[in-house]
Amino acid sequence: MARKDPLHFIWFICQGVAFIGAAGFILRPTSFLYRQQLIATISAYVIVVYKETMSRSKRGRETGLRDVLATENTQYLLVNTGLLFSGQYYLAMHINMIYPIFHVVTYVRGVIMDGLLGDPKSPILKDVAYAIEKGVKSSYDGAMNVAAVLEFVLWAHIYTKTLFRMENQWLLCCLYSTFIRARLANSPSSKQVLAYAADTIDKLVQLDMMPSAVKRGWESLNEIMGQVMIVTDLASYPTELQQYTATGKPKDE
């Protein structure tokens, strides 16, 4: 199967390089490993977005600008591109190490073991295949929850540093806010994480010992965050955006 679909194999290589880069950066942070990891991650998402768009087009489904931007993989592509041209964010490497693990393991099990080895006759190979499947099923939900928490923490980190002008990262802040907005719309676990965090902070801020300045700051932050969520909601934009295809030309031309 790897030979029949070279793009899928290249995607697998990119995921492997992304995992190695993320793990290496966590153990020993360097600018080279950070950028190498993000370039590998971006390359993998470029392949996925391209294949998704081609598949949608062949099936006669919408491939307009808003349709492409609304897909999860496109949002991950944009966010990682923003991270590549921004300062180093240690949390980003933790997030980007979680997803490649499952991608690589799934590819090994579904493509290499099945596609190249066929139905494994050896009891050892059967045990390995079963162990992979069981491991993925048992750990996937928990790992995705951890990734969701880390994504919110990274967003809060970028948001506060930008808001208080500690770093001039408004473009990255907008990209990540759009990404988080989409995650909230599509992921129940993301909604629960944000609701729990907001409720916890709100209770702490409302304590009598908290200075009034902190309470006013929290209220102002809530208002700003609400406006950001409205602006980054793609569904609220005019439907005319759907008239444009992935090539940027109106459908009726």
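Index from 1, following the sequence. Quantities reported herein were computed from a predicted structural model and do not represent experimental measurements.
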For the residue pair [X] and [Y], what are the closest heavy atoms and their distance?
| X | Y | value |
| --- | --- | --- |
| Y34 | G87 | OH-O, 3.3 Å |
| A92 | L83 | CB-CD1, 3.8 Å |
| A18 | A40 | N-CB, 3.8 Å |
| M97 | A22 | CB-CB, 3.7 Å |
| I98 | M144 | CG2-CE, 4.0 Å |
| I180 | E151 | CD1-O, 4.0 Å |

- Report yes or no: do Q37 and T41 form a side-chain donor-acceptor pair below 3.5 Å?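 A pair is found: one side chain offers a donor N or O, the other an acceptor, under 3.5 Å apart.
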- Hey, does Y89 have a side-chain heavy atom less than 4.5 Å from the side chain of L172?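 Side chain of L172 against side chain of Y89, heavy atoms only: contact under 4.5 Å found.
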- Query: Considering only heavy atoms from C-beta outward, does the side chain of N73 approach that of E52 to under 4.5 Å?
  - Reply: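 They are in contact (side-chain heavy atoms under 4.5 Å apart), so the answer is yes.
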Does the [X] side chain pair with the main chain of [Y], one donor and one acceptor, at a distance under 3.5 Å?
| X | Y | value |
| --- | --- | --- |
| S177 | C173 | yes |
| T106 | H103 | no |
| Q36 | V17 | yes |
| R35 | L84 | yes |

Spatial distance of atom [atom1] ([X]) from atom [atom2] ([Y]) [nearest 0.5 Å]:
| X | Y | atom1 | atom2 | value |
| --- | --- | --- | --- | --- |
| I101 | S139 | CD1 | OG | 8.5 Å |
| I10 | Q15 | CD1 | CD | 13.0 Å |
| I26 | H94 | CD1 | NE2 | 4.0 Å |
| L7 | F12 | CG | CZ | 15.0 Å |
| L154 | I95 | CG | CD1 | 5.0 Å |
| C14 | I42 | SG | CD1 | 11.0 Å |

- Message: Is there a path of hydrophobic side-chain contacts, each under 4.5 Å between heavy atoms, that joins L38 and F32?
- Response: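 In one cluster with L38: F32, yes.
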- Message: Is there a continuous path of hydrophobic side-chain contacts, each under 4.5 Å between heavy atoms, that joins I132 to Y130?
- Response: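 Different clusters.
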- Classify the angle between the aromatic ring planes of Y107 and F9 as parallel (below 30°), tilted (30 to 60°) or perpendicular (above 60°).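 Tilted, since the angle between the ring planes falls between 30° and 60°.
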- W11 and H8 aromatic ring geometry - parallel, tilted or perpendicular at 30°/60° bounds: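 It falls in the tilted class, 30° to 60°.
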- Message: Between F19 and N96, does the side chain to side chain contact (heavy atoms under 4.5 Å, CB included) criterion hold? Intermediate values first, please.
- Response: CA-CA 7 Å; F19 172 75; N96 285 356; over 6 Å; no
- Looking at L77, V79, L78, which hits side-chain contact (heavy atoms from CB on, under 4.5 Å) with T81?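 Passing option: L77.
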- Other residues, nucleotides, ligands: >12 heavy atoms within 6.0 Å of Y90 OH: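 Yes, OH of Y90 has more than 12 neighbouring heavy atoms, counting only those of other groups under 6.0 Å.
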- Query: Do Y99 and Y76 have ring centres separated by under 6.0 Å?
  - Reply: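 Ring-ring flag for Y99/Y76: true, centres closer than 6.0 Å.
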Name the atoms and distances for all side-chain donor-acceptor pairs under 3.5 Å in residues 43-50, with sequence neighbours left out.
unit_1	atom_1	unit_2	atom_2	d
S43	OG	I39	O	2.7

